[in-house]
Amino acid sequence: MNRQHTSLTISEATAIFSAATFYLVLLLWFVLPIVRAQAGLHPATHWYLIGYLLFPPMIVYSVWQAHREGADTVAEVMASLRVRPMNQADWFYALGGVLAVLAGTGSLIAAWFILAQLDLLPPVETEPWCIDMAPLDGRDRLLLFLWAPMFLLNIVGEELLWRGYVQSRVNVPNGWFVIGLLWLAFHIPFGVSTLILSLPLMLILPFIFDRTRNTTVAILIHAMFNGPAFLAAAFGLLPG
């Protein structure tokens, strides 16, 4: 079958992000309280279970859209969603992207902390209201085996959809910036602090994808930023 990538308008991209955001809101408002009400569940598992409901549909939708465009094999789906091996330039962008996101996020946290000390802002909250990131002790660390597959689904699901499918098909000047704003809006349900601290990642990652057109680079940057931060919290390595 001949493969032909469709083009998405800004309105169509906005509709996809809006649908995903609406689904996230439903999960947080209606499913999360049910999960939290279950006795015996460790608080950390609440978000894990929400993640298992949130991210797989992103992968399914991305693959389905690629198939609709004529991608019939795994290799064709990967090519349609811009997943390919990284070359030297890709590695350069990936490393630079991770460092830029870390520097930007760290600068925001430092600035917020200073302003909070001056009573100009409330204390910075680095933990979203819906995610328990308290350190895991003893046998509770075995819960990381439940977290790891969800984390993989999170990173791969978001990047296949936001970058591999949507952004690669939005062909307008500075489309990366629009995608960054839409991705930022997707995080509104997590709260204002998360929204502000996510700004560097939300803008730098789409910009780098615009330069590389390689979803693998986006997956690596997203994973290298979120993964170590979560593990540091899980092992109690972050300041309280």
Side-chain angles (χ1 to χ4, degrees), residues 14 17-18 20-33 35-36 42-51 53-55 58 97-136 143-144 147 150-151 153-155 157-159 161-162 176-208 218 221-240:
T14 301
F17 274 93
S18 297
T21 304
F22 179 70
Y23 180 49
L24 172 60
V25 169
L26 291 180
L27 291 175
L28 295 181
W29 285 8
F30 296 103
V31 179
L32 182 59
V35 173
R36 284 178 166 175
H42 190 283
T45 65
H46 300 163
W47 171 248
Y48 303 171
L49 297 176
I50 294 298
L53 296 175
L54 176 61
F55 301 116
M58 294 182 174
V98 171
L99 294 177
V101 172
L102 288 173
T105 305
S107 297
L108 282 176
I109 293 175
W112 194 324
F113 178 79
I114 293 172
L115 292 174
Q117 292 291 98
L118 298 174
D119 294 325
L120 297 176
L121 284 178
V124 61
E125 296 180 5
T126 58
E127 179 180 318
W129 66 271
C130 55
I131 302 178
D132 186 290
M133 296 181 66
L136 299 174
L143 293 174
L144 291 174
W147 165 79
M150 187 279 296
F151 174 73
L153 291 170
N154 177 353
I155 303 302
E158 285 202 69
E159 295 311 321
L161 180 56
W162 304 148
W176 66 269
F177 185 71
V178 177
I179 295 300
L181 294 180
L182 290 173
W183 192 25
L184 188 67
F186 173 74
H187 289 78
I188 288 176
F190 293 107
V192 175
S193 293
T194 299
L195 203 63
I196 295 174
L197 296 180
S198 296
L199 267 171
L201 179 66
M202 301 296 114
L203 296 179
I204 291 172
L205 200 156
F207 173 79
I208 288 179
I221 294 173
H222 199 163
M224 289 302 296
F225 178 70
N226 279 15
F230 182 89
L231 291 174
F235 286 97
L237 302 178
L238 298 181

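Not measured: the values here are computed from a predicted model.
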Rounded distance (nearest 0.5 Å) linking atom OG of Ser198 with atom CZ of Phe190: 8.5 Å
Step-by-step side chain to side chain contact (heavy atoms under 4.5 Å, CB included) determination, Thr21 to Ile188: CA-CA 8 Å; Thr21 304; Ile188 288 176; 5.8 Å; no
Closest contact, heavy atoms only, Leu197 versus Trp112: CD2-CE3, 4.3 Å
Identified side chain to side chain contact (heavy atoms under 4.5 Å, CB included) counterpart of Cys130 within the set Leu27, Leu24, Leu28, Ile50: Leu28
Glu125 CD to Thr194 OG1 distance, which is reported to the nearest 0.5 Å: 8.5 Å
Verdict with supporting geometry, Phe230 and Trp147, side chain to side chain contact (heavy atoms under 4.5 Å, CB included): CA-CA 10 Å; Phe230 182 89; Trp147 165 79; 3.4 Å; yes
Phe17 and Ile179, any side-chain heavy atoms less than 4.5 Å apart: yes
Where Pro200 and Leu108 come nearest, the two heavy atoms and their spacing: CD-CD1, 3.6 Å
Pairwise distance CZ(Phe186) to CZ(Phe22) - rounded to 0.5 angstrom: 13.5 Å
Minimum-distance pair of heavy atoms, taken over all atoms of Pro228 and Ala223: CD-O, 3.4 Å
Atom of Leu184, atom of Leu199 and distance for their closest heavy-atom approach: CD2-CD2, 3.6 Å
Euclidean distance, Leu53 CG relative to Tyr23 OH, rounded to 0.5 Å: 5.0 Å
Approximate separation, where rounding is to 0.5 Å, of Leu144 CG and Leu136 CG: 5.5 Å
Closest non-hydrogen atom pair between Leu153 and Phe55, with its separation: O-CB, 3.4 Å
Euclidean distance, Leu32 CG relative to Leu49 CG, rounded to 0.5 Å: 9.5 Å
Heavy-atom donor-acceptor pair, Trp129 side chain to Pro189 backbone, under 3.5 Å: yes
Audit row: Trp47, Met150, side chain to side chain contact (heavy atoms under 4.5 Å, CB included) steps and yes/no: CA-CA 9 Å; Trp47 171 248; Met150 187 279 296; 3.7 Å; yes
Heavy-atom closest contact (Phe225 atom, Leu102 atom, distance): CD1-CD2, 3.8 Å
Pairwise side-chain contact, Leu201 with Thr105, heavy-atom cut-off 4.5 Å (strictly under): no
Verdict with reasoning, His187 to Trp162, per ring-ring contact (aromatic ring centres under 6.0 Å, His included): CA-CA 13 Å; His187 289 78; Trp162 304 148; 8.6 Å; no
Beyond-backbone contact of His222 with Leu205, side-chain heavy atoms, under 4.5 angstrom: yes
